[in-house]
Amino acid sequence: MFEPDGSLRACYAEVQNWVERTGIAGLNRRLEEAEAIFRRIGITFAVYGEGGDPERLIPFDLLPRIFTAQEWRVLDRGIRQRARALNAFLHDVYHRGEIVKAGIMPAGIIYRNSAYLAEMAGFTPPGKVYSHIVGIDIVRTGPARFEVLEDNCRTPSGVSYMLENREIMTRMFPELFGQGIVAPVDDYPAELLKSLKEVAPPACSGDPVVVLLTPGALNSAYYEHSFLADLMGIELVEPADLFVDEDRVWMKTTLGPRQVDVIYRRIDDEYLDPLVFRADSLLGIPGIFNVYRNGGVTLASAPGAGIADDKAVYIYVPEMIRFYLGEQPILENIQTWQCSRPDECAYVLEHLHELVAKEVHGSGGYGMLIGPKATREEIAAYADRIRANPGEFIAQPTLDLSTVPTLGPAAVVGRHADFRPYCLVGKQIRLVPGGLTRVALTEGSLVVNSSQGGGVKDTWVLQD
């Protein structure tokens, strides 16, 4: 919110005026109103295994995170570039593996990875698109420097919060939105539907029928599934609603079976088809993978796309950009040590007290160690885990992350945050000007995940 010399950044002038006009007590009353609206319309996520009511309301912060138009131009180009490179990588590793032959990536990281699906080898999905929604987690590490923390190429969640946060802020701050200063994000569902229709399978004739496949109401992101299906005007289906017949996928309806062309799935690979993956899956549709391979239906994202968001693979994304696109990376990675390399592992073990260590396949803020915040016992125990299986861990420096203005009980305070834009990939790449800002509500904390007590806030991209 402020320049290094303490002066207010121009892009926050309107927000600062709003804070001064409304006062901290008034803003906290507005926040209570906003949370009451969230609770009333049912925007929750679920955390299981901790006892009590698993349904949680993600804490919402009333003060927006702001990007200038100039900052967004850089982010926009960098995000699109990364989405193109990740999809090119996925096509390559399921075909010729040129990046391995060129000596840029070791084969073991790809082909021994549990996210790699041999069943996808040699198959090209429509448009060569494997990851249709790419969520790229970005942090600001300097006044004009943004770096990528990780990539999410399967089903990045949270977009419902991006849309609902904006809806709430429009109610709370109507005068600013009325001036057209902030770029809109509300066309995301329409853009998502366009992207999904663009990757209809070869067997599709006419306007593609798109459905959203959810595991059901007990899934932690079920609200988002139903929310997106409603906004796109498509059917929300559970596995029991679909079946395979004559090499096509059909949806049961009150008027009889209806052919389905594109399935935006929110079910993990291993549960998708009990005839191919887990035989004990109760969520799968028997035979769906064979229909997919034969061009009868499109699955978004493609099975096996998860190899591209593995943390060991993440290290090589800048090289992917150079190799596949012939371009220099616009957004750099955070410096990362790979514990599978003996020299880097030795460095990590020696400096574990000052690094952030993560499981290669971990997510949601779980399975990580923040060295400066950990006890000696925790560090020693984590070091033993790394020694036992070094290939399962990476480490990164404890970043001097930028903080964003956050509403406290008695004042505006600075809290660490990251940013997840949602890049849509069909025949063309689409990106709405905004995304989800996740904020660590605890002072000094670097963990922004909602399952770990983080909150969310609206993200404003200012228009020229």
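Between Asp261 and Lys197, no side-chain nitrogen of the basic residue sits less than 4.0 Å from a carboxylate oxygen of the acidic one, so the salt-bridge criterion is not met. Between Arg145 and Glu332 there is no salt bridge, since no side-chain nitrogen of the basic residue lies less than 4.0 Å from a carboxylate oxygen of the acidic one. A salt bridge does not link Arg65 with Asp458: every distance from a Lys NZ or Arg NE/NH1/NH2 to an Asp or Glu carboxylate oxygen is 4.0 Å or more. Salt bridge status for Glu98 with Arg96: present, with a side-chain N to carboxylate O gap under 4.0 Å. Here Glu238 does not pair with Lys252 in a salt bridge; the nearest charged N to carboxylate O distance is not below 4.0 Å. Using a cutoff of 4.0 Å between basic side-chain nitrogens and carboxylate oxygens, Arg438 and Asp137 are scored as salt-bridged. Using a 4.0 Å cut-off between a side-chain N of Lys or Arg and a carboxylate O of Asp or Glu, Glu71 and Arg140 qualify as a salt bridge. Taking 4.0 Å as the cut-off between side-chain N and carboxylate O, Asp280 and Arg278 count as a salt-bridged pair. Remark: Asp76 does not engage Arg73 in a salt bridge, criterion side-chain N to carboxylate O under 4.0 Å. A salt bridge links Asp309 and Arg154; the closest N-O separation between the charged side-chain nitrogens and carboxylate oxygens is under 4.0 Å.
Across all non-hydrogen atoms, the minimal contact from Tyr116 to Ala121 is OH-CB, 4.1 Å. When all heavy atoms are compared, the tightest approach of Pro64 to Trp460 is CB-CE2, 3.5 Å. Here the shortest heavy-atom pairing between Gly284 and Pro239 reads O-CB, 4.3 Å.
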Original post:
side chain to side chain contact (heavy atoms under 4.5 Å, CB included) between Leu163 and Phe227: does it pass, once the steps are laid out?
Top reply: CA-CA 10 Å; Leu163 297 168; Phe227 177 79; 3.7 Å; yes
Subject >> Residue pair Glu164, Tyr223: steps toward the side chain to side chain donor-acceptor pair (under 3.5 Å) verdict >> reply: CA-CA 12 Å; Glu164 291 286 24; Tyr223 171 80; 2.7 Å; yes
**OP:** Let me see the working for Val182 and Arg166 under side chain to side chain contact (heavy atoms under 4.5 Å, CB included), right down to the final yes or no.
**Re:** CA-CA 10 Å; Val182 181; Arg166 177 58 54 86; 3.8 Å; yes
Original post:
Passes side chain to side chain contact (heavy atoms under 4.5 Å, CB included), Glu350 versus Leu352? Steps please.
Top reply: CA-CA 6 Å; Glu350 189 178 335; Leu352 199 52; over 6 Å; no
Subject >> Phe60/Tyr161 under ring-ring contact (aromatic ring centres under 6.0 Å, His included): CA gap, chis, key distance, verdict >> reply: CA-CA 9 Å; Phe60 172 67; Tyr161 283 91; 9.2 Å; no
**OP:** Starting from the C-alpha separation in whole Å, work towards a yes-or-no answer on side chain to side chain contact (heavy atoms under 4.5 Å, CB included) for Leu236 and Thr214.
**Re:** CA-CA 7 Å; Leu236 178 70; Thr214 176; 3.7 Å; yes
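Judged by distance alone, the side chain of Tyr422 and the main-chain N or O of Val159 form a donor-acceptor pair under 3.5 Å. Between the Arg258 side chain and the Val209 main chain, no donor and acceptor come within less than 3.5 Å of each other. The backbone N or O of Val360 lies less than 3.5 Å from no partner atom in the side chain of Glu392, so there is not a single donor-acceptor pair. Looking only at distances, no side-chain donor or acceptor of Thr298 sits under 3.5 Å from a matching main-chain atom of Val262. In this structure, the side chain of Asp273 engages the main chain of Phe289 through a donor-acceptor pair within 3.5 Å. With Arg420 contributing its side chain and Ser157 its backbone, the two residues share a donor-acceptor pair below 3.5 Å. Asn294 places a side-chain N or O within 3.5 Å of a backbone atom of Asn290 that can act as its donor or acceptor partner. With Asp230 contributing its side chain and Ser226 its backbone, the two residues share no donor-acceptor pair below 3.5 Å. Thr155 places no side-chain N or O within 3.5 Å of a backbone atom of Arg266 that could act as its donor or acceptor partner. Counting only distance, with no hydrogens or angles, the side chain of Ser340 and the backbone of Gly391 share no donor-acceptor pair below 3.5 Å.
Surrounding CD of Glu327 are more than 12 heavy atoms belonging to other residues, nucleotides or ligands, all under 6.0 Å away. Around CZ of Arg322, the count of heavy atoms belonging to other residues, nucleotides or ligands within 6.0 Å exceeds 12. Open room surrounds NZ on Lys427; 12 or fewer heavy atoms of other groups in view lie less than 6.0 Å from it. Around atom CD of Glu235, no more than 12 heavy atoms belonging to other residues, nucleotides or ligands sit under 6.0 Å away.
Between Phe419 and Trp72, the ring planes lie perpendicular to each other; the angle is over 60°, past the 30° to 60° tilted range. Ring-plane geometry between Tyr292 and Phe123 is classed as perpendicular, the angle between the planes exceeding 60 degrees on a 0 to 90 degree scale with a lower cut at 30.
Between Gln428 and Glu198, the closest side-chain pair of non-hydrogen atoms falls below 4.5 Å. Annotation: side chain of Leu213 is in contact with side chain of Ile285 (closest heavy-atom distance under 4.5 Å). Using a 4.5 Å heavy-atom threshold, the side chains of Phe146 and Phe67 count as touching. Side-chain contact between Asn219 and His225 is present, with at least one heavy-atom pair separated by less than 4.5 Å. Using a 4.5 Å cut-off on side-chain heavy atoms (C-beta onward), Met320 and Ile104 make no contact. Looking only at side-chain heavy atoms (C-beta outward), Gln81 and Leu325 come within less than 4.5 Å of each other. A heavy-atom distance below 4.5 Å is not found between the side chains of Leu75 and Pro421. In this structure, Ile138 and Leu331 have side chains that are in contact, with non-hydrogen atoms separated by less than 4.5 Å.
Note that the OG1 atom of Thr124 and the OH atom of Tyr94 stand 12.5 Å from one another [nearest 0.5 Å]. The distance from atom CG of Leu117 to atom CD of Glu270, rounded to the nearest 0.5 Å, is 10.0 Å. The line from CD1 of Ile315 to CD of Gln396 is 8.0 Å long, rounded to the nearest 0.5 Å. Between the CD1 atom of Ile429 and the CD atom of Glu191 there is a distance of 13.0 Å, given to the nearest 0.5 Å. For the atom pair OG (Ser160) and CG (Leu231), the distance works out to 9.5 Å, reported to the nearest 0.5 Å. The line from CG of Asp241 to OG1 of Thr253 is 10.5 Å long, rounded to the nearest 0.5 Å.
Counted by atom type alone, Arg82 and Asn87 present zero donor-acceptor pairs between their side chains at under 3.5 Å. With hydrogens and angles left out, the side-chain atoms of Asp92 and Tyr324 include a donor and acceptor closer than 3.5 Å. Side chains of His416 and Ser402: a donor-acceptor N/O pair is absent below 3.5 angstrom, by distance only.
Here Trp337 and Tyr347 bring their ring centres to under 6.0 angstrom of each other. A distance of 6.0 Å or more separates the ring centres of Tyr316 and Phe89.
The one candidate from Asn113, Ile109, Leu86 that meets the side chain to side chain contact (heavy atoms under 4.5 Å, CB included) condition with Ile307 is Asn113.
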